[in-house]
Amino acid sequence: MAASETTAQEFTVTRTFNAPRDAVWKAWTEREALEEWWGPKGCAIEVEQLDVSPGGIFHYSMGMPDGSKWWGIFHYVEVVKPERIVFVNSFSNESGDITRAPFSETWPKEIGNVVTFHEEGNKTRLELRGRPINVSAEEQAMFESMFGSMSQGFGGTFDQLDDYLATQK
């Protein structure tokens, strides 16, 4: 099967936040907020560039606990305020060029993501769905093998978002 024909299993994570949808939306679209909660626990996030609009980017660095610095980038495809954000995320270098993940030569270079914000009273149910783009069978297998780790990682990231949202009341 060719890479473009690979049937990709999708990663999904859902979390309900005790905050109105507008507050959760702002946390995903404002520089100061993203620096407070985005990324793995224990990492210091610095936003280099943020333009949350179709064709825009979120380019950031992650100061890792071991002192190293990792870079990431989102390329925004669709932004429907306050309902949905569609973006492709990748590891990058300081210049914003897409690179391989620092932890694996077989991690997919691009992951297509859809984040939806569902208003449920004064709470927000957020769903993130991700799927690799144009990957080999080996890259797809690596992606799927990391679902447990990704669930744990997003759990920590969303704990940070929960904490951030609690300070915004």
Side-chain angles (χ1 to χ4, degrees), residues 10-19 21 23-53 56-77 79 82 84-117 124-133 135 139 142-169:
E10 185 174 78
F11 172 76
T12 303
V13 62
T14 303
R15 177 85 167 251
T16 299
F17 296 96
N18 190 22
R21 181 167 65 171
V24 179
W25 178 269
K26 284 181 181 181
W28 276 81
T29 58
E30 294 182 357
R31 173 186 296 262
E32 296 78 14
L34 287 163
E35 287 182 338
E36 291 294 321
W37 71 269
W38 178 252
K41 277 190 175 181
C43 292
I45 302 298
E46 291 183 30
V47 176
E48 298 299 316
Q49 186 175 349
L50 181 64
D51 174 6
V52 185
S53 64
I57 66 168
F58 167 32
H59 184 220
Y60 59 96
S61 65
M62 297 180 282
M64 305 304 285
D66 67 3
S68 64
K69 187 179 269 194
W70 294 6
W71 293 87
I73 193 163
F74 292 9
H75 289 93
Y76 293 102
V77 176
V79 179
R84 181 176 57 252
I85 301 173
V86 180
F87 62 95
V88 176
N89 78 301
S90 304
F91 285 92
S92 73
N93 60 22
E94 189 173 352
S95 300
D97 303 314
I98 294 173
T99 62
R100 283 282 175 194
F103 58 84
S104 171
E105 283 297 312
T106 56
W107 182 255
K109 284 180 130 182
E110 296 180 302
I111 310 289
N113 294 277
V114 178
V115 179
T116 52
F117 303 80
T124 304
R125 181 173 47 84
L126 182 137
E127 181 182 66
L128 181 144
R129 297 185 338 262
R131 178 185 309 250
I133 299 170
V135 292
E139 290 167 327
M142 171 55 133
F143 180 75
E144 291 177 18
S145 78
M146 296 293 286
F147 280 9
S149 178
M150 289 167 30
S151 291
Q152 185 177 19
F154 274 107
T157 297
F158 289 166
D159 286 348
Q160 294 173 155
L161 176 54
D162 240 347
D163 293 344
Y164 172 78
L165 291 166
T167 69
Q168 300 305 298
K169 295 181 181 184

Checklist entry - Should Ser92 and Ile98 count as side-chain neighbours, where that means a heavy-atom distance under 4.5 Å? => result no
Checklist outcome for this item: Here the pair of heavy atoms bringing Val115 nearest to Phe87 is CG2-CE2, 3.7 Å
Next on the checklist: Which heavy atom of Trp37 sits nearest to which heavy atom of Ala27, and what is that distance?
Outcome noted: NE1-O, 2.8 Å
Item to check | Separation between OG1 of Thr29 and OH of Tyr76, rounded to the nearest 0.5 Å | outcome: 8.0 Å
Next on the checklist: If you compare all heavy atoms of Arg15 against all heavy atoms of Asp159, which two are closest, and at what distance to 0.1 Å?
Outcome noted: NH2-OD1, 2.7 Å
Checklist entry - Between CD of Gln152 and CE of Met146, what distance do you get to the nearest 0.5 Å? => result 10.0 Å
Checklist entry - Could you give the distance from NE2 (His59) to CD1 (Ile73), rounded to the nearest 0.5 Å? => result 5.0 Å
Item to check | Steps toward side chain to side chain contact (heavy atoms under 4.5 Å, CB included) verdict (Glu94, Ser61) | outcome: CA-CA 8 Å; Glu94 189 173 352; Ser61 65; over 6 Å; no
Checklist entry - Which heavy atom of Ser104 sits nearest a heavy atom of Met142, and at what distance? => result OG-CE, 2.9 Å
Checklist entry - Between Phe103 and Phe91, is the gap from one ring center to the other below 6.0 Å? => result yes
Checklist entry - Between Trp28 and Phe74, is the gap from one ring center to the other below 6.0 Å? => result no
Checklist entry - So, does Glu35 use its side chain to make a donor-acceptor pair with the main chain of Val47 at under 3.5 Å? => result yes
Checklist entry - Are the aromatic ring centres of Phe143 and Trp107 under 6.0 angstrom apart? => result yes
Checklist entry - Leu128 and Asn113: which non-hydrogen atoms are nearest, and at how many Å? => result CD2-OD1, 3.8 Å
Item to check | Separation between OG of Ser90 and CG of Asp97, rounded to the nearest 0.5 Å | outcome: 11.0 Å
Item to check | Derivation and outcome, side chain to side chain contact (heavy atoms under 4.5 Å, CB included), residues Phe58 and Val52 | outcome: CA-CA 7 Å; Phe58 167 32; Val52 185; 5.9 Å; no
Next on the checklist: Once side-chain contact (heavy atoms from CB on, under 4.5 Å) is applied, do any residues pair with Glu139, and if so which ones, sequence neighbours excluded?
Outcome noted: Arg100, Pro108, Val135, Ser136
Checklist entry - If you round to the nearest 0.5 Å, how far is CZ of Arg31 from CG of Leu50? => result 6.0 Å
Checklist entry - CG/Leu126 to CG/Leu161 distance, rounded to the nearest 0.5 angstrom? => result 7.5 Å
Item to check | Heavy-atom closest contact (Phe11 atom, Met150 atom, distance) | outcome: CG-CE, 3.2 Å
Checklist entry - Donor-acceptor pair, Gln160 side chain versus Gly39 backbone, under 3.5 Å? => result yes
Next on the checklist: Run Thr124 and Leu165 through side chain to side chain contact (heavy atoms under 4.5 Å, CB included) and show every step you take.
Outcome noted: CA-CA 11 Å; Thr124 304; Leu165 291 166; over 6 Å; no
